[in-house]
Every structure is written in C-alpha cells, then in structure tokens.
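Reviewing the structure listed below.
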Amino acid sequence: MGTSDPSDSKHEQKLQAVLLADSFVSTFRPITLDKSQPKMLCPLNNVTMLDYSIEFLAGAGIQELFIFCVSGSDAIEQHVLTKSVYGAKNSRMKIQVMKDGSCE
C-alpha cells in the first residue's frame, strides 16, 4: 500500500552527463594559437582529449551527453558529428553540443 515499484514507471530514466569542453583560459598556447583548434581537440597519444572523455563516460554507462562549449564550438560539433564514433546515429550514446557565443 502506497509503495511504488520502479519497474512500473512509464518513462525510463536516462543516465545523463554534462561535459564542459572549454577551460576559458589560454594556458595551452602556443599549441592552440590557431583559433579553430579548441583545447579539447588537442591530441594526446593521437587521440583527442574530447574522445578520451567521451569514451570514459560511455564506459560509465552514460546514455545522453551534453557538451557545453564557447570557443571553438563549431570545430567541436563537427568533430563529434564526423570523426567521433559516438556521433553516429546508431551510437548507444546520444550527444548534443550546446554552444554559447555570448561569452567569446
């Protein structure tokens, strides 16, 4: 009486995460002198730091990821859509890039 069974819920809860893909500082210069190269797309052992982060979150069971970025947001969105295996339509993780141009 009065207790609810979680299996009876009509909506399945998704495990979500927010990834802040901008450090808002210029400490990676001169590596990121080119404005089109965001810090998250800098390679570490030939894999971008963004891909390492997405892979870690996917391994933790994240089903929906929101990537928030300011500088280089177009390059990050293009990378997620074309080069990242998690940007594919048949991926088990849904990724949405959120841009804020008012902070640039």
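The structure presented is a predicted model; accordingly, all values stated were derived computationally and were not measured.
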Rounded to the nearest 0.5 Å, how far does [atom2] of [Y] lie from [atom1] of [X]?
| X | Y | atom1 | atom2 | answer |
| --- | --- | --- | --- | --- |
| I54 | I95 | CD1 | CD1 | 4.0 Å |
| L20 | I67 | CG | CD1 | 10.5 Å |
| L15 | L65 | CG | CG | 10.5 Å |

Where the side chain of S73 meets the backbone of C69, is there a donor-acceptor pair that is under 3.5 Å apart? no

Is S53 reaching over with its side chain to a backbone N or O of M49, donor-acceptor style, under 3.5 angstrom?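 Yes: the side chain of S53 pairs with the backbone of M49.
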
Search all heavy atoms of [X] against all heavy atoms of [Y] and return the closest pair with its distance.
| X | Y | result |
| --- | --- | --- |
| N45 | Y52 | CB-OH, 3.8 Å |
| I76 | L41 | N-CD1, 4.1 Å |
| Q16 | I62 | O-CD1, 4.0 Å |

Going by heavy atoms in the side chains, are H79 and D51 under 4.5 Å from each other?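 A side-chain contact exists here, since the closest heavy-atom pair is under 4.5 Å.
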
In chain order, what residues pass the side chain to side chain donor-acceptor pair (under 3.5 Å) check against Q96, with sequence neighbours excluded?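 Per chain and number, Q96 pairs via side chain to side chain donor-acceptor pair (under 3.5 Å) with no residue.
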
Report the residues that fulfil side chain to side chain donor-acceptor pair (under 3.5 Å) with Q63, sequence neighbours left out, ordered by chain and then residue number.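 Q63 satisfies side chain to side chain donor-acceptor pair (under 3.5 Å) with no residue once adjacent residues are dropped.
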
How would you list all residue pairs meeting salt bridge (Lys or Arg N to Asp or Glu O under 4.0 Å) that involve residues 69-80, not counting sequence neighbours?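 Listed by first then second residue: D74-K99, E77-K99.
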
Answer yes or no: does atom CZ of F56 have more than 12 heavy-atom neighbours from other residues, nucleotides or ligands under 6.0 Å? no

Step by step, work out the side chain to side chain contact (heavy atoms under 4.5 Å, CB included) result for L50 and V80. CA-CA 9 Å; L50 180 62; V80 168; 3.9 Å; yes

